[in-house]
> 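Let me begin by handing over the structure; questions about it come next.
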Amino acid sequence: MEDGAIIELYLARDERAIGETEAKYGPLCRHVADNLLGNTQDAEECVNDACLALWDAIPPARPRSLMAFAAGITRNLALKRLRHDTAQKRSAALVPLSELSELLPDESIAPDAGNEEIGRVISGFLRRQSPEARCVFVRRYWYFDSVSEIAVRYGFTENKVKSLLFRARNRLRDYLRKEGISV
Amino acid sequence: MNIPRLADAVGLIDEELVAARFPPQKRRPVRRVLIAAVCAVLLLGTLTAFAASGAGTALLAKFRKGEDGAFESGYDISAQLTPFPEDALTGDIREVPALIRRQIEETTVWSNWLPNNYVREFETAAQALEYVGLEELQPIRWAVKETGTTLSVFGGKRGEIVTVSIMTSLREGDVRLQAQASLRTENDSADAAFGVRTTEDVDYTEETFTAAGGFTCHVIRSTALESGNVTYDAYLVRAGILYTLHAAYPPSAAPLADELLHTWADQFEPEKR
C-alpha cells in the first residue's frame, strides 16, 4: 500500500494503518532498533511501542515520509531505552555513538543550543555534502549501520566508507563551530 | 551507556535526508539506474551457486522496493575473478601507482575528492585496453557506435593497483549499452561482488545461455522502469576477467537488444591453453 493511503487510514482512525505500517516498514524499524539495542526481543518490543506511538502521533502529524517518520520514532524509543539500560553491552551502535561523542562532546555544546536547532544545522551541513558523503553519514549516524553494511549497500570498499565518515565528521565539527553550536 | 546529545540531534535531521536514496553515479547515462562495482568481503558460500549455474557469476540476493522495508530494488552478484599479478599490467597504467601516491599525499580532510581512485577518459575502448596492457583482456569488436570509454583504477594505501574497470558506452538505435571489463590484482584481498540498484520498483529474472565460445552467459533482466524502458545485465567471465553488458531499451527494441546481447557474448574466444 502506498504511504499516502496508509496515512489516510491513520487520519481516519482505521486500525488497519498499524498492520500496513508494520508490514511495510516493520523490518526497517526492527533493523534500526536492533542496531541500537543488539537484542532481538528488545528490538521487537521497541517496534511495537513505535507502532503505538505512530497511532498517537498521526494525527495531528502528517509525515511527508512515513518511512522516515516510523523509523525515526523507533530510533528515538531505542535510544531512550538504551540510555536507561546501563546493562546494555552488545549494541552495534557503541562505535558510532562514541564517534558522535568525540565529534562533539555534550559539554562542548553551546548552552542555548537545543537539539532541534542542532538537527537543523546538521541538515544544512548534509545538504552541502556530496551525495555519497551524505548517504553514508545518514546510514551510519541515523540508522547506526555498520561500516560493512554501508559498504555492501552502496558498493563501496570498507576503506572508502571509513574515509568518507572520517572526513564528514571533521567537516561537521568545523561547521558546528562556525554555526555557534560548539564552544 | 552515555548517549551523546548529538545522537538525538542527528535524529532530528530532515525526513528527506533520512529517506534519501543511493547517490546517482555521474557517468551512468541511464537515468536513475545505479550500478556500482564493489570490492567487498562477502562471507557467503557461493560455490554451490557457481556450480549450479555453470557461470563465473552467482546471484547472491535480490530485493524489491517495498518488500521487507527495502526502499530500492536491486540485486547483488558475486564473481569468480582471477587476481592478476600487478606486473601483468604492462601498459602505461604502470604510471598510476605514482599518481595515486601523489593523490594520497595531496589530499586533505577538506578535499572534495577521494584519493585512491584514478579515472581517465578515452575516445575508444581499444585505447583503454592498450593503456592497461593486460594480455588476457579481450577486445570487443562490433559495429556499434562507441560514445566514450572510462577507465577506473582503484589503488591501495601505497598506490598499488587493486582493481581496474573499463567501461564503454555505446548506442544502437533505441538500445543504450554499456560494456564493461572488470579485473582485480593480487593486491585485492576481497572477493568480487557487484551490486545493481535502482530507486524504482522493479523485479528481476535470471537466465543463462551458452555463447559460441562455450562460455556461460548469465543474464538478469528487469521489468519496466518508470521510463517504460526495460533492462538487462549480462555477465560473462573469461580468463578470470568479468565482462558485463548493460542494456536499456523500450520493449519494442527487445529483438535488437537480444541480438546485440548474443553478438557481444559470442565474441569471447575460448581461452588459449
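In what follows, every chain begins at residue 1, and chains take the letters A, B, ... in the order their sequences are listed.
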> Decide if atom CD of A/Q41 counts as having more than 12 heavy atoms of other residues, nucleotides or ligands within a radius under 6.0 Å.
no
> By a 4.5 Å heavy-atom criterion (distance strictly below it), what part of A/S130 contacts chain B: side chain, backbone, both, or neither?
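Nothing of A/S130, per the 4.5 Å heavy-atom cut-off to chain B.
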> Quick check for you: to the nearest 0.5 Å, what is the distance between B/I13 atom CD1 and A/R134 atom CZ?
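Going from the CD1 atom of B/I13 to the CZ atom of A/R134 covers 10.5 Å.
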> Not counting sequence neighbours, list each pair that qualifies as a ring pair (Phe, Tyr, Trp, His ring centres under 6.0 Å) and has a residue in residues 109-140 of chain A.
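Applying ring pair (Phe, Tyr, Trp, His ring centres under 6.0 Å) to every pair that reaches into residues 109-140 of chain A, excluding sequence neighbours, yields A/F125-A/Y175, A/F137-A/Y141.
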> Using a 4.5 Å heavy-atom cutoff, which residues in residues 6-15 of chain A come close to chain B?
none
> Locate the shortest heavy-atom distance separating B/E15 from A/S65; write the atom from each residue and the value.
OE1-N, 3.1 Å
> Checking A/P105 against chain B: side chain, backbone, both or neither under 4.5 Å from a heavy atom?
neither
> So which of A/L100, A/I181, A/L97 actually passes side chain to side chain contact (heavy atoms under 4.5 Å, CB included) with B/L6?
A/L100
> Ignoring hydrogens, what is the shortest heavy-atom contact between A/W142 and B/V18? Give both atom names and the distance.
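The pair with the smallest heavy-atom distance is NE1-CG2, 3.4 Å.
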> Where along residues 112-120 of chain A does a heavy atom come under 4.5 Å of chain B, listed by residue number?
A/A113, A/G114, A/N115, A/E116, A/I118, A/G119
> Got A/L104 and B/P4 here, is their nearest side-chain heavy-atom distance under 4.5 Å?
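No. Closest side-chain heavy atoms not under 4.5 Å.
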> Nearest 0.5 Å, please: how far is CD1 in B/I3 from CG in A/D106?
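Spacing of CG (A/D106) from CD1 (B/I3) equals 10.0 Å.
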> Just jot down the side chain to side chain contact (heavy atoms under 4.5 Å, CB included) partners of B/T205, sequence neighbours excluded, or say none.
B/R221
> List the steps and the verdict of side chain to side chain contact (heavy atoms under 4.5 Å, CB included) for B/V10 and A/R75.
CA-CA 11 Å; B/V10 169; A/R75 184 185 187 276; 3.9 Å; yes
> Given the options A/R127, A/R64, A/K80, which has more heavy-atom pairs under 4.5 Å with chain B than any of the others?
A/R127
